[in-house]
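To start, the structure itself, in structure tokens.
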Amino acid sequence: MTPNVLKIARLPDMLNERLFAEHAVLEGNEQGSELGAHAAGIRALVANGESKVSRELLGRLPNLEIIVVFGVGYDGVDVAAARERGIAVTHTPDVLTDDVADFAMALLFGIARRTGPADRFVREGKWSEGPIAFTRKVSGARLGIVGLGRIGQAIARRAAGFDMQIAYYGRRQQPVDYRYYDSVKDLAANVDFLVIAVGGGAGTFHLIDAGVLQALGQDGYLVNVGRGSVVDEAALAQALADKRIAGAALDVFEDEPRPHPQLLGLDNVLLTPHMASATWATRKAMSDLTLANLAAHFAGSPLPTPIPA
Ligand code: DGY
């Protein structure tokens with residue numbers, strides 16, 4: 001069968017199997033270098049939340065109708081270029097909100113209560129030499145959320161269960177009881193934990209810079225489950241090395257899968273491989289939604305989850 005779907009990203013097996021069973025798929029890449037004679041036949045492109053779908057790639061696909069993103073974030077997609085050509089873009093919101101919020105709390109607790117070093121302490125036999133150092137209390141602490149969207153709100157609901165005092169920064173104030181800051185630096189200066197829950201793109205690039213980290217201060221912790229590009233990672237690594245902030249827990253990085261090398265040698269940082277939404281249940285729901293968007297497009301039906309207008 002002549003392929004009409006181009007896949008440019010690594011996808012879970014459960015999605016791959018169904019994608020290849022239900023569609024005529026060409027396995028390609030972000031450069032479009034595998035397209036050959038198939039370029040004109042491609043009507044749909046399947047990417048993931050980290051994929052780069054550039055204007056150049058779109059230019060190589062003259063009959064592309066839809067970009068289907070397996071993930072909530074689509075900052076790697078040149079949406080302006082897609083819109084100019086009337087190419088639809090879909091993503092997988094909502095189904096992963098709980099997992100990402102759960103994982104933000106896991107990271108927050110992990111860095112504050114030092115569960116990673118504690119595990120190593122036991123395994124390395126250090127327990128018999130004496131007790132482990134005390135850690136940072138979480139319940140009742142001040143939490144700042146950068147971006148009170150679906151995921152930020154879910155984090156706030158969880159944090160409320162730990163009696164945390166919640167504040168947030170966003171483009172605009174929302175009708176919620178949490179304290180609002182219109183400056184991320186002011187938010188950082190007034191919290192113990194700063195959690196990033198915004199997406200990437202030009203609007204949030206390096207929103208967390210050296211000045212914000214300075215404001216967070218030597219007792220403050222940073223948690224990032226949004227996008228790596230939101231944080232100036234070199235500035236963060238230096239702030240951690242100099243102990244100008246207490247710690248950081250990062251699931252996302254500027255250049256995945258390569259965290260800033262300085263981070264790898266630091267003890268006051270917890271690093272995870274962009275896995276906040278990676279549970280069986282959620283990846284199944286994301287897979288279902290990805291296929292539903294693709295099927296709806298080919299059937300001429302309304303798309304279940306197009307990106308916001
Ligand atoms: C998302 O869905 O955007 C997650 O970050 C995984 O890519």
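Take Thr282 and apply the side chain to side chain contact (heavy atoms under 4.5 Å, CB included) test, not counting sequence neighbours, and it matches Leu96, Asp99, Ser277, Thr279, Met286. A search for side chain to side chain donor-acceptor pair (under 3.5 Å) contacts involving His38 returns nothing, not counting sequence neighbours. Judged as a side chain to side chain contact (heavy atoms under 4.5 Å, CB included), and not counting sequence neighbours, the contacts of Pro306 are Leu303. Every residue two or more places apart in sequence or in another chain was checked for a salt bridge (Lys or Arg N to Asp or Glu O under 4.0 Å) with Arg10, and none qualifies. Here Asp255 pairs with Arg258 under the salt bridge (Lys or Arg N to Asp or Glu O under 4.0 Å) rule; sequence neighbours left out. Shown here are the salt bridge (Lys or Arg N to Asp or Glu O under 4.0 Å) partners of Lys52, two or more places apart in sequence or in another chain: there are none. With sequence neighbours excluded, no residue satisfies salt bridge (Lys or Arg N to Asp or Glu O under 4.0 Å) with Glu56.
With Asp119 contributing its side chain and Arg123 its backbone, the two residues share no donor-acceptor pair below 3.5 Å. Looking only at distances, a side-chain donor or acceptor of Thr204 sits under 3.5 Å from a matching main-chain atom of Gly199. With Asp209 contributing its side chain and Asp232 its backbone, the two residues share no donor-acceptor pair below 3.5 Å. A donor-acceptor pair under 3.5 Å is absent between the side-chain atoms of His23 and the main chain of Val25, judged by distance alone. Judged by distance alone, the side chain of Asn48 and the main-chain N or O of Phe70 form no donor-acceptor pair under 3.5 Å. For the pair Tyr168 (side chain) and Gln173 (backbone), a donor-acceptor distance under 3.5 Å is absent.
Considering only heavy atoms from C-beta on, Asn29 stays 4.5 Å or farther from Ile8 through its side chain. Contact of the Leu57 side chain with the Leu45 side chain is registered, since non-hydrogen atoms from C-beta on lie closer than 4.5 Å.
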- Item | Pair Thr305-Asn293, side chain to side chain donor-acceptor pair (under 3.5 Å): steps then yes or no | CA-CA 7 Å; Thr305 48; Asn293 276 300; 2.8 Å; yes
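Atom CD of Glu256 has more than 12 heavy atoms from other residues, nucleotides or ligands within 6.0 Å. Counting non-hydrogen atoms of neighbouring residues, nucleotides and ligands closer than 6.0 angstrom, the CZ atom of Arg85 exceeds 12 such neighbours.
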For residues 13-22, please give each side-chain donor-acceptor pair under 3.5 Å, one per line with the distance, not counting sequence neighbours.
residue: Asn16; atom: OD1; partner: Lys7; partner atom: NZ; Å: 3.4
residue: Asn16; atom: ND2; partner: Leu11; partner atom: O; Å: 3.2
residue: Arg18; atom: NH1; partner: Asp288; partner atom: OD1; Å: 2.7

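Identified under the salt bridge (Lys or Arg N to Asp or Glu O under 4.0 Å) test for residues 233-244, with sequence neighbours left out: Asp242-Arg244. Within the structure, salt bridge (Lys or Arg N to Asp or Glu O under 4.0 Å) contacts touching residues 34-44 (residues at least two apart or in different chains) are Arg43-Glu65. Every pair passing salt bridge (Lys or Arg N to Asp or Glu O under 4.0 Å) that includes a residue from residues 151-169 is listed here, sequence neighbours excluded: Asp98-Arg158, Asp102-Arg158. Among pairs with a residue in residues 182-195, those fulfilling salt bridge (Lys or Arg N to Asp or Glu O under 4.0 Å) read Arg136-Asp192, Arg142-Asp192, at least two apart in sequence or across chains.
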